[in-house]
Amino acid sequence: MLQKGKHASRQTVTMSRESAETLAVAALGFLAADPARMARFLALTGLEAHRLRGMVADPGFHCAVLEHLAGDERLLIAFAQEENVDPAHILRARAALGGPDWERETA
């Protein structure tokens with residue numbers, strides 16, 4: 001569920017933690033659906049595949065999955081298209097889970 005922030009200087013949109021976690025689980029499924037994507041995720045995070053099942057309930061892991069997507073624009077866009085959401089929606093989910101919250105400055 002998205003909510004408009006009340007006290008920001010710019011109009012912002014925040015996401016509930018539950019919605020962010022749901023999106024992160026979908027992102028993990030997206031990664032797992034392609035062996036090459038999953039192998040890269042495991043290699044970059046240093047995780048072992050057999051440990052993933054136990055980590056799925058960990059909010060920090062959810063944030064790490066979304067952070068991984070955010071770090072690769074091509075991957076971020078592919079997931080956003082598959083989920084039919086704006087890539088910024090995924091970045092808001094990452095922020096809702098405690099990840100970095102930034103916006104690109106435009107001149």
Side-chain angles (χ1 to χ4, degrees):
M1 177 166 152
L2 296 176
Q3 301 169 336
K4 292 182 181 176
K6 294 180 181 178
H7 300 291
S9 59
R10 287 191 267 179
Q11 186 177 23
T12 61
V13 179
T14 59
M15 176 182 291
S16 75
R17 186 168 196 80
E18 182 179 334
S19 293
E21 289 173 354
T22 299
L23 190 60
V25 170
L28 182 59
F30 169 78
L31 294 173
D34 181 295
R37 285 191 300 238
M38 191 61 165
R40 185 168 188 270
F41 173 70
L42 293 173
L44 291 173
T45 60
L47 296 172
E48 297 174 0
H50 70 276
R51 294 189 57 214
L52 290 180
R53 189 174 307 257
M55 299 181 79
V56 170
D58 181 345
F61 177 69
H62 293 159
C63 187
V65 170
L66 295 178
E67 183 66 30
H68 176 72
L69 290 179
D72 182 334
E73 184 177 12
R74 198 173 38 92
L75 195 59
L76 176 69
I77 291 170
F79 176 64
Q81 288 175 338
E82 184 169 297
E83 289 296 307
N84 197 28
V85 298
D86 186 319
H89 185 72
I90 298 161
L91 301 178
R92 285 190 293 274
R94 179 187 61 173
L97 295 173
D101 184 19
W102 61 272
E103 292 181 27
R104 180 181 356 189
E105 293 183 22
T106 56

What is the minimum heavy-atom distance between Pro87 and Ile77, and which atoms define it? CG-CG1, 4.5 Å
Heavy-atom closest contact (Cys63 atom, Gly98 atom, distance): SG-C, 4.1 Å
I'd like to check the salt bridge (charged side-chain N to carboxylate O under 4.0 Å, His left out) partners of Asp72; sequence neighbours left out, ordered by chain and number. Arg40
Could you give the distance from CE (Met38) to CG (Leu42), rounded to the nearest 0.5 Å? 4.5 Å
Any chance CG of Asn84 has more than 12 other-residue heavy atoms, nucleotides or ligands included, within less than 6.0 Å? no
Here the pair of heavy atoms bringing Ala33 nearest to Pro35 is O-CD, 3.9 Å
Does Leu47 form a side chain to side chain contact (heavy atoms under 4.5 Å, CB included) with Phe41? I'd like the steps, not just the answer. CA-CA 8 Å; Leu47 296 172; Phe41 173 70; 4.3 Å; yes
Considering all heavy atoms of both residues, which atom of Leu66 and which atom of Ile90 are nearest to each other, and what is their separation? CD2-CG2, 4.0 Å
Please evaluate residues Val85 and Arg92 with respect to the criterion side chain to side chain contact (heavy atoms under 4.5 Å, CB included), reporting the C-alpha separation (whole Å), side-chain torsions for both, the decisive distance (0.1 Å), and the verdict. CA-CA 12 Å; Val85 298; Arg92 285 190 293 274; over 6 Å; no
Which distance, rounded to the nearest 0.5 Å, do you find between the NE2 of His62 and the CE of Met55? 10.0 Å
Could you state the interatomic distance from CZ (Arg51) to CZ (Phe61), rounded to the nearest 0.5 Å? 10.0 Å
CD of Gln81 to CG of Leu76, rounded to nearest 0.5 Å, is 10.0 Å
Val65 to Ala24 - nearest heavy-atom pair and separation: CG1-O, 3.8 Å
What residues form a side chain to side chain donor-acceptor pair (under 3.5 Å) with Glu48, not counting sequence neighbours? His50
With a 4.5 Å cut-off on side-chain heavy atoms, are Arg94 and Leu69 touching? no
Rounded to the nearest 0.5 Å, what separation is found between the CG atom of Leu97 and the CD atom of Glu67? 11.0 Å
